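Data block below; observations after.
Bear in mind that the values here come from a model prediction, so they are computed numbers and not experimental data.
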Amino acid sequence: MKLAKESILFKAVQKFGTLVFIILFSGGLSLASFDPLTILFFVTGVFFLISVTFLWESLVWKNYDFFFGENNLNIEHGVFRKKHREIPLSRIQNVDIERNIFQRFFGIAKVNLETAGGNSTEASLKYVDLETGRDIQKKFRKLKQDKEAIENEKEESERELLFELENRELLLLGVTSVNTRIIFSIFAFLGIGGTVLGNIMEAQALGFFGGASLLA
């Protein structure tokens with residue numbers, strides 16, 4: 001994948017503007033006089049700097065490629081010396097799209113690949129078109145969701161099964177549990193109720209025999 005072609009012009013204008021700013025505030029403007037030769041020299045220098053800056057950014061764009069591997073984001077860049085960088089996708093936790101007013105004018109966006117917590121930027125793609133930036137963002141979001149789903153599935157599969165009851169055993173256990181509670185309830189009732197009933201019967205018996213003795 002390539003950076004946006006508009007990034008060539010944007011970065012060239014950005015660098016040239018910085019250079020002009022330095023010249024203006026370093027006294028370089030005093031060279032501009034009404035002397036035709038000085039004006040010609042100044043204009044020629046400006047066009048030369050513009051051309052060199054534009055050519056350099058064109059070479060940077062031509063030699064900059066990035067593509068997604070199975071587990072890595074690969075970035076290749078370098079004009080005189082080719083460099084290759086691999087960024088593990090697992091390290092990237094967030095993809096942020098940044099656009100200022102000038103980047104919006106050129107229709108480009110800066111994509112920041114951030115590590116866990118968003119405290120640092122692992123890499124920046126300067127600059128891609130907005131649609132490509134959104135596609136990259138969606139891709140990383142999908143990769144993150146797939147990773148979480150795989151991890152959850154792995155955790156479920158790694159859970160150890162300690163004990164499992166068959167349907168017949170589960171039914172028998174349920175019936176036994178219910179009967180046990182009922183039996184304990186009956187015994188408890190009989191224990192309390194039987195004592196009370198025995199006391200009542202004993203009191204009645206004593207009353208009966210006591211009354212009989214008095215009549216005698």
Side-chain angles (χ1 to χ4, degrees), residues 1-69 71-89 91-141 143:
M1 300 175 68
K2 303 291 293 184
L3 299 176
K5 287 186 176 181
E6 293 80 3
S7 64
I8 301 174
L9 182 59
F10 175 77
K11 290 193 283 188
V13 171
Q14 187 180 42
K15 289 186 177 180
F16 181 74
T18 303
L19 182 61
V20 170
F21 180 84
I22 294 174
I23 293 175
L24 291 177
F25 285 88
S26 63
L29 188 63
S30 61
L31 296 176
S33 62
F34 294 98
D35 184 3
L37 185 61
T38 305
I39 294 176
L40 179 62
F41 177 79
F42 181 77
V43 172
T44 302
V46 169
F47 277 102
F48 176 77
L49 290 175
I50 291 176
S51 301
V52 170
T53 305
F54 188 81
L55 177 61
W56 174 257
E57 292 301 332
S58 299
L59 292 173
V60 171
W61 176 85
K62 184 178 181 180
N63 291 276
Y64 196 104
D65 294 285
F66 64 95
F67 57 93
F68 290 94
N71 299 310
N72 299 309
L73 171 63
N74 300 273
I75 300 177
E76 295 180 351
H77 62 97
V79 177
F80 299 111
R81 184 180 178 182
K82 202 73 173 179
K83 299 179 181 178
H84 181 83
R85 184 181 180 189
E86 293 184 357
I87 303 175
L89 299 179
R91 189 186 303 173
I92 306 301
Q93 299 297 322
N94 185 47
V95 178
D96 181 56
I97 297 178
E98 179 182 324
R99 302 178 76 203
N100 57 32
I101 187 171
F102 300 106
Q103 292 163 0
R104 290 180 183 178
F105 176 79
F106 282 91
I108 57 177
K110 177 182 177 182
V111 178
N112 296 320
L113 309 176
E114 300 176 350
T115 54
N119 297 323
S120 60
T121 301
E122 185 71 20
S124 294
L125 302 177
K126 303 177 183 179
Y127 297 87
V128 298
D129 58 84
L130 182 58
E131 190 64 28
T132 301
R134 288 174 176 171
D135 288 342
I136 295 173
Q137 199 173 43
K138 291 177 182 178
K139 183 177 182 63
F140 271 98
R141 188 181 296 118
L143 287 173

For residues 40-53, which side-chain N or O atoms pair as donor and acceptor with protein atoms under 3.5 Å away, sequence neighbours left out?
from, atom 1, to, atom 2, distance (Å)
T44, OG1, L40, O, 2.7
S51, OG, F47, O, 2.8
T53, OG1, L49, O, 2.7

Side chain to side chain donor-acceptor pair (under 3.5 Å) with [X]: which residues, sequence neighbours excluded?
X    : answer
N112 : E98, S124
N74  : H84
R134 : none
K15  : E57

For E122, the side chain to side chain contact (heavy atoms under 4.5 Å, CB included) test, sequence neighbours excluded, returns R85, I87, R91, I92, T115
Residue set satisfying ring-ring contact (aromatic ring centres under 6.0 Å, His included) with F66, at least two apart, ordered chain then number -> none
Sorted by chain and residue number, the ring-ring contact (aromatic ring centres under 6.0 Å, His included) partners of F68 (sequence neighbours excluded) come out as F140
Across all chains, not counting sequence neighbours, the salt bridge (Lys or Arg N to Asp or Glu O under 4.0 Å) partners of K139 are none
Anything under 3.5 Å between a donor and an acceptor, one on a side chain of residues 99-109, the other on a protein residue two or more places apart or in another chain? List them.
from, atom 1, to, atom 2, distance (Å)
R99, NE, I108, O, 3.1
N100, OD1, F102, N, 3.1
N100, OD1, Q103, N, 2.7
Q103, OE1, N100, N, 3.0

List the atom pairs, donor and acceptor, that lie under 3.5 Å between side-chain atoms in residues 2-9 and the rest of the protein, sequence neighbours left out.
from, atom 1, to, atom 2, distance (Å)
K2, NZ, W61, O, 3.0
K2, NZ, K62, O, 2.8
K2, NZ, Y64, O, 3.1
K2, NZ, D65, OD1, 3.4
S7, OG, A4, O, 2.4

Residues pairing under salt bridge (charged side-chain N to carboxylate O under 4.0 Å, His left out) where one sits in residues 40-51, two or more places apart or in two chains, turn out to be none
